[in-house]
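Here's the structure, in structure tokens; my notes come after.
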Amino acid sequence: RDFDPQCEYKTENPDEVSLAYDGDPPTRWRTVQYFGSPKLGNLKRERSANVIRLQAASSLEDPALLDKICTEFIAQYPNDIAGDLFMIDAFFTMKQYDKSLAAIERVDQSVGGDPYLMFLQSGIHEQAGDSARAQKCLLDSIEQDPTLEDAANALLDRAVNDKNFADTKKWLLHLEQYCSYQFEPNL
């Protein structure tokens with residue numbers, strides 16, 4: 001739908017709306033005019049529109065553009081974690097692990113600490129090739145919240161992959177005690 005807040009009838013070229021998304025580049029929906037600025041009347045971008053910009057930039061897989069849009073978002077909304085929540089995955093996908101970790105850190109500071117965020121950090125450290133830091137994040141997250149099932153399962157997977165039978169047993173027992181798992185002994 002079209003919308004014009006300054007028009008008496010709150011409408012502006014309604015017959016052209018479908019041209020805005022018909023897939024034909026030469027067609028378009030036209031606006032009558034904006035006063036005071038060539039930048040759409042100098043209207044302030046809404047936060048949700050900027051989150052959509054973040055999403056669009058990451059889908060283009062253009063690290064420079066994503067970095068620019070993220071920097072703009074943080075400058076415009078310095079205490080808003082909505083963008084940071086999105087940036088975690090966007091930067092991770094582009095293998096910009098340091099920026100993904102920085103976004104997690106901003107979220108963590110904003111919420112006052114969250115063990116699940118440490119679990120997320122462990123995965124990023126693992127992908128970045130820092131297995132020791134990944135392990136530390138997992139252990140720290142379990143220490144803060146023993147019921148964090150994802151972290152316990154990750155620690156169990158590590159123990160099994162390393163053929164560390166003592167730790168495998170430890171994490172199986174942990175899952176039984178804190179995460180309501182039930183294992184039946186071999187008969």
Side-chain angles (χ1 to χ4, degrees), residues 44-183:
K44 183 179 177 183
R45 284 191 184 139
E46 294 297 322
R47 183 180 141 286
S48 57
N50 282 322
V51 171
I52 292 169
R53 285 181 71 221
L54 286 170
Q55 185 177 15
S58 71
S59 68
L60 297 174
E61 296 183 12
D62 181 343
L65 178 62
L66 179 62
D67 194 44
K68 176 183 180 287
I69 291 172
C70 289
T71 300
E72 290 171 1
F73 188 93
I74 292 167
Q76 192 167 7
Y77 310 101
N79 299 318
D80 187 336
I81 64 170
D84 285 316
L85 290 169
F86 177 77
M87 288 178 224
I88 293 168
D89 287 336
F91 283 128
F92 180 80
T93 301
M94 289 200 252
K95 297 181 172 52
Q96 294 184 341
Y97 303 124
D98 58 332
K99 292 180 180 178
S100 185
L101 289 166
I104 290 176
E105 184 60 34
R106 288 189 299 271
V107 171
D108 194 51
Q109 288 175 357
S110 182
V111 300
D114 184 336
Y116 191 79
L117 293 172
M118 279 188 261
F119 167 72
L120 291 179
Q121 287 175 331
S122 74
I124 295 169
H125 287 303
E126 192 67 48
Q127 286 298 310
D130 192 344
S131 192
R133 284 189 76 184
Q135 176 82 5
K136 181 174 179 352
C137 286
L138 288 172
L139 292 170
D140 288 348
S141 67
I142 282 289
E143 183 179 315
Q144 286 188 21
D145 182 0
T147 67
L148 194 55
E149 186 176 335
D150 290 334
N153 276 311
L155 287 162
L156 173 62
D157 288 345
R158 284 173 160 274
V160 169
N161 289 333
D162 293 344
K163 297 183 173 132
N164 182 331
F165 303 115
D167 278 355
T168 298
K169 180 180 177 181
K170 172 184 173 181
W171 295 115
L172 286 170
L173 292 172
H174 181 94
L175 286 164
E176 277 188 324
Q177 182 179 357
Y178 294 104
C179 303
S180 301
Y181 278 49
Q182 295 180 2
F183 299 105

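Rounded to the nearest 0.5 Å, atoms CG (Asp84) and CD (Gln109) are 10.0 Å apart. Between the CG atom in Asp114 and the CZ atom in Phe119 there is a gap of 12.0 Å [rounded to 0.5 Å]. Summarising the geometry, atom CG belonging to Leu138 is positioned 10.5 Å from atom CD belonging to Gln121; distances are rounded to the nearest 0.5 Å. Between atom CG of residue Leu172 and atom CG of residue Leu155 there is a gap of 12.0 Å, rounded to the nearest 0.5 Å. Note that CG of Asp98 is 13.5 Å distant from CD of Glu105, once rounded to the nearest 0.5 Å. How far CG of Leu66 is from OG1 of Thr71: 9.0 Å, rounded to the nearest 0.5 Å.
Here the side chain of Ser110 pairs no donor or acceptor atom with the backbone of Arg106 at under 3.5 angstrom. A donor-acceptor pair under 3.5 Å is absent between the side-chain atoms of Ser100 and the main chain of Gln96, judged by distance alone. Under a 3.5 Å cut-off, the side chain of Asp108 and the backbone N or O of Ile104 do not form any donor-acceptor pair. With hydrogens and angles ignored, the 3.5 Å screen pairs no side-chain donor or acceptor of Asp67 with any backbone N or O of Pro63.
Shown here are the side chain to side chain donor-acceptor pair (under 3.5 Å) partners of Gln135, two or more places apart in sequence or in another chain: Arg158. For Thr147, the side chain to side chain donor-acceptor pair (under 3.5 Å) partners at least two apart in sequence or on another chain are Asp145. The side chain to side chain donor-acceptor pair (under 3.5 Å) check on Lys169 picks up nothing, with sequence neighbours excluded. For Asp80, the salt bridge (charged side-chain N to carboxylate O under 4.0 Å, His left out) partners are Arg47, not counting sequence neighbours.
A ring-ring contact (aromatic ring centres under 6.0 Å, His included) check over residues 121-144, counting only residues at least two apart or in different chains, returns nothing. Pairs passing the ring-ring contact (aromatic ring centres under 6.0 Å, His included) check and including a residue from residues 128-171, sequence neighbours excluded, read Trp171-His174.
Counting heavy atoms from C-beta outward, Val107 and Leu117 have side chains that approach closer than 4.5 Å.
Considering every non-hydrogen atom in both Cys179 and Pro146, the closest pair reads SG-O, 4.1 Å.
Aromatic pair Tyr97/Phe92: centroids less than 6.0 angstrom apart.
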